[in-house]
Amino acid sequence: MPSDQASEKADVLIIGAGAAGAAIAWRLAETRMRIVCLEQGGWMDPAQYPSTRNDWEMERFGPFGLSPNGRGRREDYPVNDEASPIKISNFNAVGGSTILYAAHFPRLHPSDFRVKSLDGVADDWPIDYATLEPYYDENARMMGVAGLAGDPAYPPKEPTLPPVPLGKLGETLARGFDRLGWHWWPSDSAIATREHAGRAPCINLGPCIMGCAQGAKGSTDVTYWPAAVRAGVELRTHCRVREISVGPDGMADGAIYVDEKGVEHRQEAEIVIVACNGVGTPRLLLNSKSKHFPDGLANSSGLVGRNLMFHPYGMVTGIFEEPLEGYKGPTGCSIISQEFYETDPSRGFVRGYSFEMLRGMGPVSTALFGLSGGRIPFGAGHHEAYARLHDRTAGMVIICEDLPEEHNRVVLDPELTDADGIPAPRIEYTLSENSRRMLDHSVERGKEVLAAAGAVDFAVDAPLAPAGWHLMGTARMGTDPERSVVNDWGRSHDVKNLFIVDGSVFVTSGGVNPTNTIQALALYVADRIQKNLTTLFD
Amino acid sequence: MTTPDHPTFVALLDTLVPPHLEHGLAGAGGLGLGARIAERAAGLLPVLDPVIAELERHEFAALDAAGRDRVVKELDPELAGLVGGLVFQTFVSYYEHPAVVVALGLEARPPHPEGYPLEEGDLSSLEKVRQRGPLYRTA
């Protein structure tokens, strides 16, 4: 039982202060309801980010690594991902995984919402692109999205800020696409390329994926949260939710959480919103068993945790003969290509993928890349081999659409727990034949375009093991309560005052980074909550 | 016992990353990276004791560069495995060293707060991309 008396009841309790939790908190703040958000991490200090130190490159193996299992932070919970070729990457703090993301900010395409109708696989979403379009626009203003209008891969959209500069590397790679006549476009990036809403402009530090010391990257600790807190949202940090509690009527009535000293508390609420990502959300729901919900909260369909989708990633690194100045500029954002995004049955798979061009490597990363690939020996010949790679690499990642399969899932590990003794998630995932074929196709096309840009050698890693940073599908949206967990506006079919707003609700994954869509969905759900407030629980 | 300034250990570091004559740079041993490696990977040096003992058997520190290179590359697999961990740490410490970073033509400073200038780049070829018309399917 909780060790203290209930805190003052909230109108809305949000669990998780990442991409989605921040957006919905800000959007609901205008209702003047009492909103409390519980976040298991704390506020990050940008002055402590690796790019402020000379040894910044090695921090990716330490406290700023991608895997929660290797960072040694109490704020993280462990994930047993041994039974998956793709390992979980996330971050727990105010801002969630946006602290470490590359800030690639594409939207889903209209066809991504109609996968069943167009291609005969998976399921259609219960909403469409047009439904989300105004929320994408609103999110672009709040997050500060750099880009260039006119991309023929999308319906018309207007970025808020000028595109991230190509630099010599981006320009070199763009020439490769031009030579093949393939689509490319400057990336939509949540990066302030000029001063925006109090954020300093990007100065091309490079390692966005270890936190942005400049504050130019759109992580929600510098975008939504300051505005939400100013508007009256109470954000309580270092509070790890153990379970969502249920009243005698079967409605959610709050949450039990543990503070950083290990003391349990209870927060009551009229509405509970879960925003813990595609692994953390099913974990919490499955940990919230009760008399009413013996198989976990909101799980009458048995689909909580199932249909886990990643984006199987391929990585192709091209080695060039000319310096590329690749250590300058946002590491993950320069140009994108969606030449192979839409289905073409002649390719041997359904659906498609995006290419996203990366920048180059710093001196230490170059050495380790060469060491691991056998390109840089120790001893005789070391310096000559190093010189062939130094500032001569350009990477690309390939984001393949993953289709939902029920056997890919998140379950509770029978033994593993976090620092507070709460059962941890275990991942059961296999790569489908469709994904395998798509990866093979994409890697060959990736090598082709890098060669067209001037690359003389390649290193390939596919599927990229540490690329489990897009976590989707584990509490899917739909109109049929037997085939989905939440309805078309994020409300649980089983518990009418319980909402889910993270990547869990995705019906399909598309072949692009999901953060923009996660946040657009959160804004859309907030709007629907506001509009339906008087009949919310009917 | 292996210490950061043990002559055989220093010679081993110089073998892993030799002096760079063109850049006028000492090797990893000459740059004194042993201490940095010991600081970064505290448990590594004691593990290397049998490697150092084997190298001393070959009077390693007295060999020329080619001789040292040969001895290290002919270590038995168990000892070579121990050297593998040292290679990783030596590469990291060497390529973080300010003198090396400068020799590579870079500035020996963290990225923040100065950052880097970046060319906008030529976007003119996008006109051809645009002229292809919509690539997306309407749903």
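Please read these numbers as outputs of a predicted model, since none were measured by experiment.
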Can you pull out all donor-acceptor pairs below 3.5 Å that join chain B and chain A?
from   : atom 1 : to     : atom 2 : distance (Å)
B:T15  : O      : A:G379 : N      : 3.3
B:L16  : O      : A:G379 : N      : 2.8
B:P18  : O      : A:H383 : NE2    : 2.6
B:D69  : OD1    : A:A380 : N      : 3.2
B:K73  : NZ     : A:F378 : O      : 3.4
B:Y95  : OH     : A:H382 : NE2    : 2.7
B:L104 : O      : A:H390 : NE2    : 3.1
B:H112 : N      : A:S51  : O      : 2.9
B:H112 : NE2    : A:Q214 : OE1    : 3.4
B:Y116 : N      : A:I203 : O      : 2.8
B:Y116 : O      : A:N204 : ND2    : 2.9
B:E119 : O      : A:G167 : N      : 2.8
B:E120 : O      : A:L166 : N      : 3.0
B:D122 : N      : A:E171 : OE2    : 2.5
B:S125 : OG     : A:D178 : OD1    : 3.3
B:S125 : OG     : A:D178 : OD2    : 2.6
B:R132 : NH1    : A:G181 : O      : 3.2
B:R132 : NH1    : A:E339 : OE1    : 2.7
B:R132 : NH2    : A:E339 : OE1    : 3.4
B:R132 : NH2    : A:E339 : OE2    : 3.1
B:L135 : N      : A:P152 : O      : 2.7
B:R137 : N      : A:E342 : OE2    : 3.3
B:R137 : NE     : A:E342 : OE1    : 2.9
B:R137 : NH1    : A:D119 : OD1    : 3.0
B:R137 : NH2    : A:D119 : OD2    : 2.9
B:R137 : NH2    : A:E342 : OE1    : 3.3

(message) Out of B:V17, B:L126, B:L106, B:L135, return the one with the most heavy atom pairs under 4.5 angstrom to chain A.
(response) B:L126

(request) Can you establish whether the number of heavy atoms outside B:E59 located under 6.0 Å from its atom CD is more than 12? (result) no

(request) Quick one: closest heavy-atom pair of B:L123 and A:P186, and the distance? (result) CD2-CG, 3.9 Å

(request) Calculate, to the nearest 0.5 Å, the distance between atoms CZ and CG belonging to A:F378 and B:L13 respectively. (result) 12.0 Å

(request) Would you mind checking which part of B:P98 comes under 4.5 Å of any heavy atom in chain A, side chain (CB onward), backbone (N, CA, C, O), both or neither? (result) neither

(request) Check each atom of A:P323 against the heavy atoms of chain B and say whether the ones under 4.5 Å are side chain, backbone, both or neither. (result) neither

(request) Check the pair A:F177 / B:V129 against side chain to side chain contact (heavy atoms under 4.5 Å, CB included), numbers first and verdict last. (result) CA-CA 10 Å; A:F177 286 97; B:V129 179; over 6 Å; no

(request) Counting only heavy atoms closer than 4.5 Å, note whether B:A65 contacts chain A via side chain, backbone, both or neither. (result) neither

(request) Flag the pair A:P363 / B:V100 as yes when at least one side-chain heavy-atom distance between them is below 4.5 Å, and no otherwise. (result) no

(request) Side chain from CB out, backbone as N, CA, C, O: work out which of these in A:I335 comes under 4.5 Å of a heavy atom of chain B, or both, or neither. (result) neither

(request) Please state whether the side chain, the backbone, both or neither of A:A380 comes within less than 4.5 Å of a heavy atom of chain B. (result) both

(request) Using a 4.5 Å cut-off on heavy atoms from C-beta on, say whether the side chain of A:L368 contacts that of B:F88. (result) yes

(message) Shorter than 4.5 Å, heavy atoms on both sides: which option in A:P155, A:G206, A:P110 has the most such pairs with chain B?
(response) A:P155

(message) At a heavy-atom distance under 4.5 Å, which candidate from B:V87, B:V72, B:L16 has the highest pair count against chain A?
(response) B:L16

